[in-house]
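In what follows, chains carry the letters A, B, and so on, assigned in the order in which the sequence lines appear, proteins first and then strands, with residues in each chain numbered from 1.
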Protein chains: 2
Amino acid sequence: MGTTQLETAPEPKYWHLKTVLSEALDSEFAVGEILPNERDLAARFGVARATLRQALEQLELEGRLQRRRGVGTTVAPPRVGVAVGSAQGTWPGEVGDAWQPADCAPAVPPADVARMLETSADEQVHVVRRTRVSHGQPVAAELLYVPASSVAELSAIDAPSGPARARGVLRELHRLGLEGQDRAVELGSARADDAKALDRLPGAPVLVVTTRFFAEGRTAAVSVATYRADTCRLTFGDAGGVEIHHGPERQAS
Amino acid sequence: MGTTQLETAPEPKYWHLKTVLSEALDSEFAVGEILPNERDLAARFGVARATLRQALEQLELEGRLQRRRGVGTTVAPPRVGVAVGSAQGTWPGEVGDAWQPADCAPAVPPADVARMLETSADEQVHVVRRTRVSHGQPVAAELLYVPASSVAELSAIDAPSGPARARGVLRELHRLGLEGQDRAVELGSARADDAKALDRLPGAPVLVVTTRFFAEGRTAAVSVATYRADTCRLTFGDAGGVEIHHGPERQAS
DNA sequence: GAGTGGTCTAGACCACACC
DNA sequence: GTGTGGTCTAGACCACTCG
């Protein structure tokens, strides 16, 4: 019989589906447009809904789609560039930083943070909650851990918690001379409280930026900021925040 | 593994399962240890395999587990800190960089890269492939795009492609004075070729680091590096690569 | 070959947004 | 209400690793 061409195509359906959808997004849909619902799309492509969802999940992970329960699936705008700090470093709350202090309360930090702060395992520190908004959307939630030793002059008259306390802690922190900082980025999944602040479901993928602030020869504060991974592109360096637009195509080739 | 009752829980099963498993990993398993297989685990927790898998996927995303087809699910070691470049910036291939040049070939860059390089949409550039190894494991794959105008003196005698060509392109690049660089980090999913280099399945979550190198008043080269998101923590700043341990890690039990 | 994780199906019900 | 995405089930078969 004729030579049958080597098939060699164990490419998963959802992967192929993702490619097809990705190309359709580029050519046939505008940003913000609503896609057909998952049941219709699955039927149209002749696959089970679960398979279709696997493709959609990948596209959402890459920031191409946005899905909202009760609403539908929409085409996401390009990721926004979010400046994550200049090389020289600044204290949280100094002029020009994009964070909005929300609250402050004493708490025992997680073990890994306590290790960086060199506090004992059960020692309370000031925890300042802040959020960051870009283009009208919340993009990040932060917990800033400040040991009492870093804000020794903090007025005992101020309220023990609340936004006023948060401002007081930041103000006292600025009295220290910032000697340097250290940053790390990794992938994580949103805890319930962060998910709420970011308007996502728990478990949503986030970029976790851990910053250590050095002053007086030790770690004076630690910031753990969680950014929405679907909508954010973190930018570093002197030109941080500059417009580097990624086209509709970045991964497929 | 006691049967938790506590209804009134709009908390999804897989989420609760993830919490239970996470705590079990902290207290009952050592790094590298093999977990029971998915069918047994699902039966033990009284859920469908798909639900159990949803919990495992999250834990893998957080770098707690490693799953390999045909082998099993193992407890992952803590993420390795990978230095992603100092603030002052260096050219790719200068002394001390952790990349291994693998290959070089001419190709037309993706549209977004072409935009940064300010080359025309169909103009070929040198594409240097490099890989990065840490602790014996491949952690990143890179494509470095170098327009011909940045390496004008490149000897026409050299081979048009291959490792020797890669070294030649890097050498010529160093003749330019590096004026600055610009970096962005975002979440992506591994293309087929990157997945192979990283020993992962296509679609695996990766951290994409895009670096723009400036020289002579323009963008002299662009690097797109994809890091394994499950095993890597990207570190920035002067103390890059320093040990900052995250998470409840357990060495042995 | 046996055992593993990866893919896929065809249903079901739930939580949420909007009318 | 209706319609959406989110969760869950109980199977099936495939691709891979290893003895």
Exercise. List the steps and the verdict of side chain to side chain donor-acceptor pair (under 3.5 Å) for Arg64(A) and Ser22(A).
Key: CA-CA 8 Å; Arg64(A) 309 285 314 271; Ser22(A) 180; 2.9 Å; yes
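- Checked against salt bridge (Lys or Arg N to Asp or Glu O under 4.0 Å), Glu57(B) has the following partners two or more places apart in sequence or in another chain: Arg53(B), Arg67(B).
- OP1 or OP2 of dC8(D) has not a single side-chain nitrogen or oxygen of Tyr14(B) nearer than 4.0 Å.
- OP1 or OP2 of dT4(C) has not a single side-chain nitrogen or oxygen of Thr73(B) nearer than 4.0 Å.
- The phosphate of dT7(C) has neither OP1 nor OP2 within less than 4.0 Å of any side-chain N or O from Thr51(A).
- If you measure from atom CZ of Arg67(A) to atom C1' of dG6(D), you get 9 Å, rounded to the nearest angstrom.
- Nucleotide dG5(D) holds its P atom 8 Å from the CZ atom of Arg53(A), rounded to whole Å.
- With rounding to whole Å, Leu52(A) atom CG is found 14 Å from dG6(D) atom C1'.
- Taking Tyr227(B) as the reference, Arg132(B) meet the side-chain hydrogen bond (donor to acceptor under 3.5 Å, both in side chains) condition, with sequence neighbours excluded.
- Remark: Pro138(B) engages no residue in a side chain to side chain contact (heavy atoms under 4.5 Å, CB included) (not counting sequence neighbours).
- Evaluation of the side-chain hydrogen bond (donor to acceptor under 3.5 Å, both in side chains) rule for Asp103(B) yields no partner, not counting sequence neighbours.
- The CG-P distance, from Leu59(A) to dG5(D), rounds to 14 Å in whole Å.
- In this structure, Phe45(A) places its CZ atom 17 Å from C1' of dC8(C), rounding to the nearest Å.
- In this structure, Asn37(B) reaches the dT4(C) phosphate: one of its side-chain N or O atoms is under 4.0 Å from OP1 or OP2.
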Quiz item: Could you run down nucleotides 10-19 of chain D 5' to 3' and tag each one B, S or - for protein heavy-atom contact under 4.0 Å?
Solution: --BB-BBB--
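- In this structure, CG of Leu56(A) is placed 14 Å from P of dT7(D), rounded to the nearest angstrom.
- Not counting sequence neighbours, the partners of Val20(A) by the side chain to side chain contact (heavy atoms under 4.5 Å, CB included) test are His16(A), Phe45(A).
- Here the C1' atom of nucleotide dC8(D) and the CD atom of Glu38(A) are 15 Å apart, to the nearest Å.
- Pro36(B) and Leu41(B) make their closest contact through O-CD1, 3.6 Å (heavy atoms, listed as atom of the first residue, atom of the second, distance).
- At the heavy-atom level, Leu201(B) lies under 4.0 Å from the strands shown only through sugar-phosphate atoms.
- Atoms CD (Glu11(B)) and C1' (dG6(D)) sit 15 Å apart, rounded to a whole Å.
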